[in-house]
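Just so you know, ligand 1 is whichever comes first in the structure, and atom 1 is the first atom listed for that ligand.
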Amino acid sequence: MNMAQVIADQARRQGAKLAILFEDRACSYAEFDTEVEWHASALQSLGITKGDRVAYQLPKCLEVLFLHFAILSLGAVALPLNSDYRPEELEYFLADSGSRLFITDQQRFATARNQIQGIQGLMVFLVGEAVGPMTGSWSEALSRAVLPFDRPYAAGDDETAMFCYTSGTTGRSKGAMITHRNLLSNAAALHEMWNWSDQDRLLHVLPLFHIHGLNVAAQGCLYAGATMVMHEKFEPRRAWEALNGEGCTLLMAVPTVYQRLMNEWEHLGNAPDLSGVRLFVSGSAPLSDTQFRRFEGLTGFRILERYGMTETGMIASNPLEPSGRKETSVGYPLPGVQVRIAAPDGTSPIPGEVGEVWVRGENVFSGYWGMPEKTRESFVDGWFRTGDLGWCDPQDGDRLYLAGRAKELIISGGFNVYPKEIENVLEGLPQVREAAVIGLPDDDFGERVVAVVAVQKGAEALTEGDLMAQCRDRLAGYKCPRQVHFVNDLPRNAMGKLQKNLLIEQYR
Ligand code: MCA
Ligand code: AMP
């Protein structure tokens with residue numbers, strides 16, 4: 001089965017019902033389905049067929065969803081890209097994935113032209129007018145599309161639906177191949193676990209280029225035949241208004257969003273009427289017990305925390321019954337998902353002890369694109385090694401708690417930052433001798449990216465501002481250090497190994 005086909009079937013059942021309200025644009029299920037058909041026809045007219053990778057980098061808009069499901073419906077592979085990626089990042093993803101088509105806007109193309117024009121076999125289409133002979137006009141391609149168009153749904157089950165790039169400890173991003181079965185099994189599990197229905201109205205404030213905003217929230221909503229109120233950008237006051245006045249029943253967000261909602265609550269004249277809301281869900285980063293309790297104190301709602309990962313989709317969730325939700329716990333494995341805690345030698349530790357979280361089930365991706373070695377390293381006997389540390393409470397039905405990470409990873413506002421990638425950028429600068437990137441606690445983002453840098457002889461005049469500007473040219477904003485500390489040398493142990501724990505202690 002193909003995920004886009006399931007959504008199309010749902011659209012046919014829902015017909016004139018409102019599917020998405022994006023800013024002042026309303027789109028019914030019937031209109032949504034026709035748009036997907038248009039987009040699929042246009043893609044096919046450009047020669048896109050089964051297995052072709054189609055990348056897109058666009059601001060949050062309805063067209064992203066039309067395009068996404070159109071790509072899937074041809075059996076092609078969707079590659080959503082963070083709208084803030086810089087040209088060098090973009091070049092890597094497009095070249096590594098062997099993308100056949102890249103759809104973006106004129107502004108992004110203008111910045112990245114030099115980096116992407118040499119990529120072999122890549123067609124670039126721009127929303128609006130084409131710019132010069134190198135690009136085509138996506139709007140024109142759409143206007144030439146012919147309906148009715150029979151979507152072939154040429155891929156399904158264990159064939160790839162999406163590539164999602166995740167960074168790694170080496171600093172080189174890996175394209176996780178996510179299959180139709182992964183998408184469908186996870187959507188079904190969440191549907192059951194959270195009791196989604198076509199009566200739901202989801203407030204959508206997350207980006208559409210990650211699993212959370214695209215698969216869990218947007219696709220989950222369409223899968224259920226529900227309605228989505230989609231904001232282009234998260235603004236706390238507007239979000240409270242939507243939960244108060246627009247009949248939203250559900251919110252899916254990251255802890256930073258909840259933190260900002262709570263801060264805003266204090267400034268609202270009247271407490272919003274949340275009687276229509278049935279569920280607040282948090283994930284992508286740890287929700288602290290303080291945040292859980294403060295939100296309950298203000299609103300009366302116990303946030304439902306769940307745990308997931310790009311490679312696995314959603315893994316575990318707290319129960320729907322509010323009294324079953326527990327602060328700092330991510331709940332229990334979803335239906336069809338198995339979790340085991342593994343000691344470093346792969347055996348099971350004593351119940352209650354911390355180990356690495358391993359996952360198995362139809363939700364688990366098929367491997368990293370073009371990286372068979374990395375794929376092999378990530379699996380043991382069919383179990384996927386998440387790199388997260390956790391433990392299960394045997395007194396509470398093996399309720400799962402996360403306890404940190406075996407992998408070196410900073411999660412800032414729900415976005416993952418791998419220190420190595422930033423260190424590579426900093427150490428690539430001629431003025432920098434060595435650099436260490438650490439995550440420090442942050443009230444807003446949970447963790448913030450901080451760089452500790454030793455400069456080359458003669459480069460002592462280098463400032464924090466210079467380094468930040470260099471990073472801004474090469475890295476998406478969320479990865480850029482928010483603080484830089486200069487040192488003479490980085491602390492190392494007798495073996496020469498960098499001691500980041502000392503830096504974290506010193507600067508926290
Ligand atoms: C934006 N900025 C950030 C972040 N977001 N810096 C550090 N960490 C961040 N998370 C920077 C921008 O580069 C910019 O910098 C400045 O902050 C303001 O940007 P703006 O776009 O206005 O940001 P914002 O609206 O304040 O964004 C905060 C946010 C956003 C809404 C919390 O970060 C967000 O949507 N986070 C959700 C990420 C997400 O969906 N993750 C799911 C991954 P400058 O001023 O220098 O230009 S999927 C996943 O993890 C798994 C599967 C799972 O379990 O869900
Ligand atoms: P990503 O690679 O962007 O999919 O991020 C996945 C990572 O986010 C996981 O491996 C966890 O480290 C983290 N994560 C997701 N949900 C939670 C949660 N509820 N609590 C703590 N960490 C989480």
Side-chain angles (χ1 to χ4, degrees), residues 59-60 80 82-86 164-168 173-174 176 178 182 186 190 204-218 220 231-236 238-239 252-261 281-288 291-292 303-318 327-331 356-357 359 363 365 384-390 400-418 422 439 442 444-450 465 468-469 471-472 475-483:
K60 189 175 181 183
N82 187 320
S83 47
D84 197 32
Y85 278 148
R86 298 294 187 269
C164 261
Y165 274 84
T166 72
S167 292
S173 289
K174 309 179 290 264
I178 296 164
N182 296 154
N186 222 225
L190 293 178
H204 191 296
V205 296
L206 294 174
L208 282 173
F209 47 73
H210 272 310
I211 299 293
H212 195 162
L214 181 58
N215 294 0
V216 182
H231 290 180
E232 185 178 355
K233 192 170 161 35
F234 167 62
E235 283 162 18
R238 254 196 97 196
M252 286 179 194
V254 299
T256 298
V257 164
Y258 284 108
Q259 182 67 32
R260 292 185 186 181
L261 281 173
V281 181
S282 176
S284 304
L287 182 79
S288 71
Q291 288 171 321
F292 179 90
I303 296 174
L304 180 153
E305 185 170 8
R306 57 69 181 167
Y307 162 48
M309 200 177 169
T310 299
E311 288 91 332
T312 62
M314 297 304 101
I315 299 168
S317 165
N318 270 279
E327 60 265 48
T328 73
S329 164
V330 293
E356 187 181 359
V357 180
V359 180
N363 56 311
F365 78 133
F384 173 66
R385 307 176 52 178
T386 63
D388 289 315
L389 298 175
L400 179 63
Y401 291 81
L402 295 179
R405 294 157 210 141
K407 56 196 173 190
E408 217 195 311
L409 166 68
I410 301 167
I411 305 186
S412 171
F415 285 128
N416 288 4
V417 182
Y418 279 84
I422 323 307
D442 187 273
D444 186 32
F445 288 126
E447 288 182 284
R448 82 174 166 278
V449 179
V450 174
M468 286 177 168
C471 287
R472 289 288 297 163
L475 295 167
Y478 71 90
K479 297 181 193 170
C480 294
R482 306 191 86 77
Q483 267 175 306

Tell me the contacting part of Phe445 for ligand 1: side chain, backbone, both, or neither, using a 4.0 Å heavy-atom threshold, strictly below. side chain

Determine if the distance from atom 19 (O) of ligand 1 to the closest protein heavy atom is below 4.0 Å. no

When you measure from atom 47 (O) of ligand 1 to every protein heavy atom, which one gives the shortest distance, and what is it? Arg472 NH2, 3.1 Å

By side-chain contact (heavy atoms from CB on, under 4.5 Å) - contacts of Glu311 (at least two apart): Thr166, Ala176, Met309, Phe365, Tyr368, Phe384

Glu232 vs Lys60, test: salt bridge (Lys or Arg N to Asp or Glu O under 4.0 Å). Steps then yes/no. CA-CA 6 Å; Glu232 185 178 355; Lys60 189 175 181 183; over 6 Å; no

Does the residue Glu235 have a heavy-atom contact with ligand 1, meaning some pair of atoms that are separated by less than 4.0 Å? no

Set of residues satisfying side-chain hydrogen bond (donor to acceptor under 3.5 Å, both in side chains) with respect to Arg448, sequence neighbours excluded: Asp442, Gln483

Mark whether atom 1 (C) of ligand 1 lies under 4.0 angstrom from at least one protein heavy atom. no

Under the rule for salt bridge (charged side-chain N to carboxylate O under 4.0 Å, His left out), what residues qualify as partners of Glu327, not counting sequence neighbours? Arg293

Which residue and heavy atom of the protein sit nearest atom 27 (O) of ligand 1, plus the separation: Arg260 NH1, 4.1 Å

Residue Gly308 vicinity, atoms of ligand 1 by number, heavy atom under 4.0 Å: 54 (O)

Check: Ser284 N/O within less than 3.5 Å of ligand 1 N/O: yes

Distance flag for atom 29 (C) of ligand 1, protein heavy atom under 4.0 Å: no

Under 4.0 Å from atom 49 (C) of ligand 1, is there any protein heavy atom? yes

Heavy atom to atom 37 (C) of ligand 1, shortest distance: which of Gly413, Ala285, Gly414 holds it? Gly413

Could you tell me whether some N/O pair between Thr310 and ligand 1 is separated by less than 3.5 angstrom? no

Which residue and non-hydrogen atom of the protein lie closest to atom 7 (C) of ligand 1, and at what distance in Å? Ser412 OG, 3.1 Å

Give the atom numbers and elements of ligand 1 that come within less than 4.0 Å of a heavy atom of Ile211. 52 (C)

Those protein residues which place at least one heavy atom below 4.0 Å from ligand 2: Ser284, Ala285, Pro286, Glu305, Arg306, Tyr307, Gly308, Met309, Thr310, Val330, Asp388, Leu402, Arg405, Lys407, Ile411, Asn416

Look at atom 6 (N) of ligand 1 and say which protein heavy atom is nearest, naming residue and atom and giving the distance to 0.1 Å. Arg482 NH1, 3.0 Å

Do Asp388 and Tyr307 have side-chain atoms, one donor and one acceptor, less than 3.5 Å apart? yes

Quick one: which ligand 1 atoms are inside 4.0 Å of a heavy atom on Gly477? 13 (O)

For atom 32 (C) of ligand 1, what is the closest protein heavy atom, and at what distance to 0.1 Å? Thr256 CG2, 3.6 Å

Take atom 25 (O) of ligand 1 and look for protein heavy atoms under 4.0 Å from it; say yes if you find one, no if not. yes

Of all the non-hydrogen atoms in the protein, which one sits nearest to atom 33 (O) of ligand 1, and at what distance? Phe415 CE1, 3.3 Å

Pull out every atom of ligand 1 sitting under 4.0 Å from any heavy atom of Pro207, numbered as shown with elements. 35 (O), 40 (O)

If you have a sec, work out which protein heavy atom is nearest atom 22 (O) of ligand 1 and how many Å separate them, to one decimal? Lys233 NZ, 2.6 Å

Option nearest atom 54 (O) of ligand 1 (shortest heavy-atom distance, choices Met309, Met314, Lys60, Arg306): Arg306

Quick check on atom 52 (C) of ligand 1 - does any protein heavy atom sit closer than 4.0 Å to it? yes

Among Val449, Val417, Ile422, the one residue meeting side-chain contact (heavy atoms from CB on, under 4.5 Å) with Leu475: Ile422

